[in-house]
Amino acid sequence: MPHPYVLLSAAVSLDGYLDDTGPDRLLLSGPADFDRVDEVRASVDAILVGAGTIRADNPRLLVNSAERRAARVAAGKPEYPLKVTVSGSGDLDPAANFWHTGGEKIVYTTEKGAARARAVGLAADVVPLGAELDWPRLLEHLYDVRGVRRLMVEGGGQIHTQLLRQGLADELQLVLAPLFVGDPDAPRLFGPGPYQGGRLRLVETRPVGDVVLMRYEPTAPGGRFPSAADHHWLALACELAAACPPSSTAFSVGAVVVAADGTELARGHSREGDDPVVHAEEAALAKIAPGDPRLAAATVYSSLEPCARRASRPAPCARLILEAGVRRVVTAWREPDTFVAGADGSGVLVAEGVEVVVLPEFEGRAQAPNLHLLG
Ligand SMILES: NC(=O)c1ccc[n+]([C@@H]2O[C@H](COP(=O)([O-])OP(=O)(O)OC[C@H]3O[C@@H](n4cnc5c(N)ncnc54)[C@H](OP(=O)(O)O)[C@@H]3O)[C@@H](O)[C@H]2O)c1
Ligand SMILES: [Zn+2]
């Protein structure tokens, strides 16, 4: 299902608060970081905040730099990104800055909220998503109907918490500001409750004036949409494929098995060690104890679709995956007819209820070590 890349952006105090409890917005970042945020805003198609942030901060959410706006226009984009908010209640002040600055605006809400939002005559497109607000539907709507490919989410805490919990965030840009709020009633960035994500991957740290920017990606597979985690692990499988000993009689494939919390359980590649015929998924699965309870919720990432038939061993990889109890496979490329006519490992897996996700954007990388086999 196509959906936008979702980038969460927030600033927190050293004691983890998003704001204080005073009437004015607490400035956590400094000028250099506001400029960095402006640059990120200029790079996206849409900016989203929750209704709570509109009520508390009355933000404008503009691209402030005239050069950045001109560059957007020169690239054929609207001068300002689309502004998006979500409100279940529809309790939105029609005089707020959000509606009267920048470009187009859209409110995602419930049936009830839509009636209220329309009654006050908001200068925005009001889109009800049913009795409750459904985040995957909202993201699909932004992608399909509004053409949004890159979405920046600027809070507040409730919004960030839901997107991260539901595995819908591709990136978190967190700024740590050198001050304390010290008020337990102040809003926190992330609320209490279960987080499935496991440990995030730190992809960058950068001082920006007196704050520190930290960029993280989730590592846990298996949200509603293919995520940054899926991209990371499949890229690793493609790297492993590129490291296989060359062969003129078999594909070069890499595979990684990843637990639901983002822990790598095992990796393997074709013709690994001193076994001249071992397949990547077979090599990886052989390193995990049979019956390991983490397998049931694990994902197998394989640069090539798992094989359905093979001459070199009794069980093809699709069968080994089923026997291991794995229920999700992500791959870059369907097996061509080079060695086996009509190979359909995905079909074997899907017939047994396994979710098979193909990410064609990785096909080139997965094929690269096999070009001599592709006629
Ligand atoms: N430091 C930073 O980077 C930063 C950034 C942004 C905000 N903030 C701070 O964060 C605070 C606001 O955060 P917040 O958590 O209170 O508000 P929020 O996350 O901005 O918005 C929460 C509101 O969004 C709507 N909403 C959220 N999830 C929904 C769902 N699943 N279905 C329907 N509606 C949903 C609801 O609106 P309705 O009530 O209308 O139904 C809810 O009250 C402020 O103090 C602000 O200063 C800080
Ligand atoms: Zn195989």
Side-chain angles (χ1 to χ4, degrees), residues 8-13 16-29 33-34 37 47-59 61 84-93 98 107-110 112-113 116-117 128-138 152-163 165-166 172-177 181 183 185-191 211 250-251 253 255 268-270 277-285 300 302-313 315-321 331 335 339-340 343 345 348:
L8 309 185
S9 172
V12 284
S13 63
Y17 292 104
L18 267 184
D19 195 3
D20 56 19
T21 49
D24 298 323
R25 176 179 165 211
L26 173 69
L27 291 187
L28 288 155
S29 286
D33 192 55
F34 285 123
V37 168
I47 300 170
L48 182 151
V49 293
T53 296
I54 295 183
R55 289 192 286 259
D57 295 352
N58 195 16
L61 302 168
V84 185
T85 190
V86 294
S87 167
S89 68
D91 176 15
L92 293 158
D93 176 1
F98 186 88
V107 184
Y108 288 103
T109 182
T110 57
K112 254 194 189 158
R116 186 164 178 181
L129 291 173
E132 304 256 314
L133 193 126
D134 174 307
W135 281 104
R137 275 194 60 206
L138 183 158
M152 179 181 190
V153 179
E154 294 205 49
Q158 286 189 33
I159 302 294
H160 285 319
T161 299
Q162 292 174 61
L163 289 167
R165 286 237 186 94
Q166 293 183 30
L172 168 63
Q173 297 194 354
L174 181 64
V175 158
L176 192 61
V181 169
D183 180 345
D185 295 329
R188 286 193 170 274
L189 173 53
F190 294 117
V211 305
F251 290 116
V253 181
H269 62 78
S270 313
V277 295
V278 74
H279 284 191
E281 306 91 310
E282 179 186 25
L285 287 169
V300 169
S302 182
S303 61
L304 174 64
E305 148 183 70
C307 61
R309 266 174 286 154
R310 63 189 283 196
S312 55
R313 293 275 156 82
C317 293
R319 186 52 51 198
L320 295 175
I321 288 169
T331 183
E335 183 174 348
F339 301 116
V340 180
V348 170

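Counting convention: from 1, in listed order, for ligands and their atoms alike. It should be emphasised that the depicted structure is a prediction, and the values quoted were computed from it without experimental measurement. For the single chain, residues carry numbers from 1 onward in sequence order.
Below 4.0 Å from some heavy atom of L28 lie the following atoms of ligand 1, by number and element: 1 (N). Set against the non-hydrogen atoms of G50, the atoms of ligand 1 under 4.0 Å away are 18 (P), 20 (O), 21 (O), 24 (O). Listed by number with element, the atoms of ligand 1 under 4.0 Å from a non-hydrogen atom of G155 are 6 (C), 20 (O). Near P187, meaning under 4.0 Å from one of its heavy atoms, ligand 1 places the atoms 45 (O). Short contacts between ligand 1 and A56, defined as distances under 4.0 Å to a heavy atom of the residue, involve ligand atoms 44 (C). Atom numbering of ligand 1 starts at 1 in the shown order; those under 4.0 Å from a heavy atom of A51 are 21 (O), 23 (C), 24 (O), 37 (O), 40 (O).
One option in S29, A10, G157, G191 has a heavy atom closer to atom 14 (P) of ligand 1 than any other, and that option is G157. For atom 30 (C) of ligand 1, the nearest non-hydrogen atom from the set R25, Q162, H160 comes from Q162.
At least one heavy atom of R55 lies less than 4.0 angstrom from ligand 1. At least one heavy atom of V86 sits closer than 4.0 Å to an atom of ligand 1.
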Q: Start with the C-alpha distance between R116 and D91, add both sets of side-chain angles, then the distance that settles side-chain contact (heavy atoms from CB on, under 4.5 Å), and finish with yes or no.
A: CA-CA 7 Å; R116 186 164 178 181; D91 176 15; 3.5 Å; yes
Q: Decide yes or no on side-chain contact (heavy atoms from CB on, under 4.5 Å) for E281 and L320, but give the supporting numbers first.
A: CA-CA 8 Å; E281 306 91 310; L320 295 175; over 6 Å; no
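Summary of contacts: the protein heavy atom closest to atom 48 (C) of ligand 1 is L18 O, 3.4 Å. Residue, atom and distance of the protein heavy atom nearest to atom 12 (C) of ligand 1 are T53 OG1, 3.7 Å. For atom 32 (N) of ligand 1, the closest non-hydrogen atom of the protein is L133 CB, 3.2 Å. Regarding atom 35 (C) of ligand 1, its nearest protein heavy-atom neighbour is G88 N, 4.1 Å. Looking at atom 15 (O) of ligand 1, its nearest protein heavy atom turns out to be Q158 N, 2.9 Å. Counting only heavy atoms of the protein, atom 21 (O) of ligand 1 lies nearest to G52 N, 3.0 Å. Closest to atom 45 (O) of ligand 1, if we only count protein heavy atoms, is D19 OD2, 2.7 Å. Nearest protein neighbour of atom 6 (C) of ligand 1, counting heavy atoms only, is E154 O, 2.9 Å.
Taken to the nearest 0.5 Å, the CG atom of D93 stands 9.5 Å off from the CD1 atom of I54. Note that CD of E282 and OG of S312 are 7.0 Å apart. Values are rounded to the nearest 0.5 Å. To the nearest 0.5 angstrom, S302 atom OG is 10.0 Å from H279 atom NE2. In this structure, CG on D19 lies 7.5 Å from CG on L28, to the nearest 0.5 angstrom. The distance from atom CD of Q173 to atom CG of D33, rounded to the nearest 0.5 Å, is 9.5 Å.
In this structure, a donor-acceptor pair under 3.5 Å is present between the side chains of D183 and T21.
Here the Zn ion (ligand 2) is the vertex; the SG atom in C307 and the SG atom in C317 give an angle of 110° (to 10°).
Here the side chains of Y108 and L48 are not in contact, with every heavy-atom distance at 4.5 Å or above.
Using a 4.0 Å cut-off between heavy atoms, I159 contacts ligand 1 through both its backbone and its side chain. Neither the backbone nor the side chain of V12 has a heavy atom within less than 4.0 Å of ligand 1. Looking at S87 against ligand 1, both its backbone and its side chain come within 4.0 Å, counting heavy atoms.
Residue G156 has at least one N or O atom closer than 3.5 Å to an N or O atom of ligand 1. Residue-to-ligand polar distances place A11 within reach of ligand 1: an N/O pair is separated by less than 3.5 Å. When only interatomic distances are considered, the shortest N/O to N/O separation between S9 and ligand 1 does not fall below 3.5 Å.
Nearest heavy atoms, V86 versus L138: CG1-CD1, 3.3 Å. In plain terms, the two heavy atoms of E154 and I47 that are nearest each other are OE2-CG2, 3.6 Å. For the pair V277 and R310, the tightest heavy-atom approach, listed with the atom from each and the gap, is O-NH2, 3.1 Å. A11 approaches S29 most closely through the heavy-atom pair CB-OG, 4.0 Å. Nearest heavy-atom pair, L189 versus T161, reported as atom, atom and distance to 0.1 Å: O-OG1, 3.5 Å. For the residue pair P316 and C307, the shortest heavy atom distance occurs at CB-O, 3.4 Å.
Among heteroatoms of the N, O or S kind in H279, ND1 lies nearest the Zn ion (ligand 2).
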